[in-house]
Amino acid sequence: MPEMPEVETTRRDLEGRVVGRTIADVRVAPGAPQPQAPLTPEQLREAVAGRRIEDLDRRGKYLIMALSGGLFLILHRRMTGNLILREAGVPPERFLRGVLVLDDGTELRWEDQRKFGRWVLTDDLAGALRGLGPEPLAETWTSADLAATLAGRTAPIKAALLDQRRVAGLGNIYVDEALHAARIHPERPAGSLSEDEVRRLHAAIREVLEKAIRLQGSSARHHVGGLGQRGAMQEQWRVYDRTGEACYSCGTPIEKTRVAGRGTHLCPRCQPYATAGER
DNA sequence: CGTTACCTGAAA
DNA sequence: TTTCAGGTAACG
């Protein structure tokens, strides 16, 4: 579900409304599994109740709540998780799993149909995020950095881009979109891209992610922002979920295959496997 | 490295 | 009934 733009949307929606508030209570929906992996709900309540939310940050697809006393509550929405700020009394969401009740009575609600989402409470933020690759929208992330992390790799470029250690925040939708925008076949060995192809890919990744953030993410199915609103990026997809429809660039029907274990969409004409001159 | 498991529901 | 779903950890 959420990739980096969806998580960033949530962060921007919530930042000004929850930073400075104190967590008054933690509730777990009756009968629902605990939203956080290593802690019981009682231990979580014990640990965070009374703490002030000092900051709301993001790294890759992780949402990071900095709490007073040097604790960090790190949330990963995985496939179907949403974090939504609601007034008390608003009827519960169908897949509500847990609630952080704030000191003004508003509720930070965690809904998660498939229950893959994870909460981690730690005082070692760097340790918890160790191994995450660079932020693709950081000014310091260059085309040369992308080339370096792809160099020598034989895995499909799509698999390399989904690997959070190489670049943080890309997922299935935006990898397909970026590869299409860069006119690169998803099964090309990562290390085989030319300098120009890497430059195009670097630019395409940024353009796709920036546009997705502007449009508050893709609401394919589950994603909603921090105020419960849907995103609009799904209306701008050029290949994702467009199997059989005409490519906007050349009219060729979009194909769907399987790469790196994931449904993969591409235009076979705009993204030929063989580069010019080969074969 | 690719595949499977983790869950639940919607759609084919 | 079967397949698929925005992610990732564990497995072989």
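For the numbers below, each heavy atom of this structure counts, side chains included, while hydrogens, waters and symmetry mates do not. Labels below follow one simple rule: chain letters A, B, ... track the order of the sequence lines, proteins then strands, and each chain is numbered from 1. This is a predicted model, so every value here is computed, not measured.
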Practice task
Using a heavy-atom cut-off of under 4.0 Å over every strand shown, decide if Pro156(A) touches base, sugar-phosphate, or nothing.
Solution key: sugar-phosphate
Practice task
May I ask you to decide if Leu83(A)'s main-chain N or O and Glu111(A)'s side chain share a donor-acceptor pair within less than 3.5 Å?
Solution key: no
Exercise for the section: Quick one: list whatever passes side chain to side chain contact (heavy atoms under 4.5 Å, CB included) with Glu54(A), sequence neighbours left out. Expected result: Arg52(A), Ala66(A), Ser68(A)
Completion exercise
Dot-bracket for DNA chain C, 5' to 3', Watson-Crick and G-U pairs with both distances under 3.5 Å, [ ] for crossing pairs, | for partner on another strand, reads |||||.||||||
Exercise for the section: Kindly write out the residues that satisfy salt bridge (charged side-chain N to carboxylate O under 4.0 Å, His left out) with Arg183(A), not counting sequence neighbours, or none if the list is empty. Expected result: none
Practice task
Output the rest of the hydrophobic cluster of Leu266(A): all Ile, Leu, Val, Met, Phe, Trp and Tyr residues reachable through side-chain heavy-atom contacts under 4.5 Å, sorted by chain and number.
Solution key: none
Handout entry: Pairwise P distance for dG9(B) and dT8(C), with rounding to whole Å
Key = 23 Å
Exercise for the section: Using atom types as modelled and distance alone, determine if a side-chain donor or acceptor of Gln164(A) lies under 3.5 Å from a backbone N or O of Leu162(A). Expected result: yes
Handout entry: Rounded distance (Å) that lies between atom P of dC6(B) and atom CG of Asp112(A)
Key = 16 Å
Completion exercise
In whole angstroms, the gap separating C1' of dA5(C) from CD of Gln234(A) amounts to 15 Å
Handout entry: Arg153(A): salt bridge (charged side-chain N to carboxylate O under 4.0 Å, His left out) partners, not counting sequence neighbours
Key = none
Exercise for the section: Look at the side-chain N and O atoms of Lys115(A) and state whether any lies under 4.0 Å from the OP1 or OP2 oxygen of dT8(B). Expected result: yes
Practice task
Using atom NZ of Lys256(A) as one end and atom P of dC4(C) as the other, report the distance to the nearest whole Å.
Solution key: 7 Å
Practice task
Scan Ala220(A) against the nucleic acid and name what it touches under 4.0 Å (heavy atoms): base, sugar-phosphate only, or nothing.
Solution key: base
Problem - Arg258(A) side-chain N/O to dA5(C) phosphate OP1/OP2 under 4.0 Å - result: yes
Practice task
Go through the structure and list residues passing salt bridge (charged side-chain N to carboxylate O under 4.0 Å, His left out) with Asp57(A), not counting sequence neighbours.
Solution key: none
Handout entry: side chain to side chain contact (heavy atoms under 4.5 Å, CB included) partners for Glu46(A), two or more places apart
Key = none
Problem - Between dG7(C) (C1') and Leu75(A) (CG): distance, integer Å - result: 15 Å
Exercise for the section: Provide the distance between the two P atoms, one in dT3(B) and one in dA5(C), to the nearest whole Å. Expected result: 15 Å
Problem - Distance, rounded to the nearest Å, where Arg165(A) contributes CZ and dG7(C) contributes P - result: 16 Å
Completion exercise
Members sharing Val224(A)'s hydrophobic cluster, built from side-chain contacts under 4.5 Å between Ile, Leu, Val, Met, Phe, Trp and Tyr, are Ile84(A)
Handout entry: Arg17(A) atom CZ: more than 12 heavy-atom contacts under 6.0 Å
Key = no
Completion exercise
Sorted by chain and number, sequence neighbours left out, side chain to side chain contact (heavy atoms under 4.5 Å, CB included) with Ala88(A) holds for Glu107(A)
N/O-N/O pairs, protein side and nucleotides 8-12 of chain C side, under 3.5 Å:
residue, atom, partner, partner atom, Å
dT8(C), OP1, His76(A), NE2, 2.7
dT8(C), OP2, Lys61(A), NZ, 2.9

Fill in the blank from the handout: Rounded to whole Å, CH2 of Trp237(A) lies from P of dA5(C) at a distance of 11 Å
Problem - Same-atom distance (P) from dT1(C) to dC7(B), integer angstrom - result: 22 Å
Practice task
Return the value, rounded to whole Å, for the distance between atom CG of Leu96(A) and atom P of dT8(B).
Solution key: 15 Å
Fill in the blank from the handout: For Asp241(A), the side chain to side chain contact (heavy atoms under 4.5 Å, CB included) test, sequence neighbours excluded, returns Trp237(A)
Exercise for the section: Please state how far atom CZ in Arg153(A) lies from atom C1' in dG2(B), giving the value in whole angstrom units. Expected result: 14 Å
Could you list the protein-to-nucleotides 9-11 of chain B atom pairs, N/O on both sides, closer than 3.5 Å?
residue, atom, partner, partner atom, Å
dG9(B), O4', Gln113(A), OE1, 2.9
dA10(B), OP1, Arg94(A), NH1, 3.0

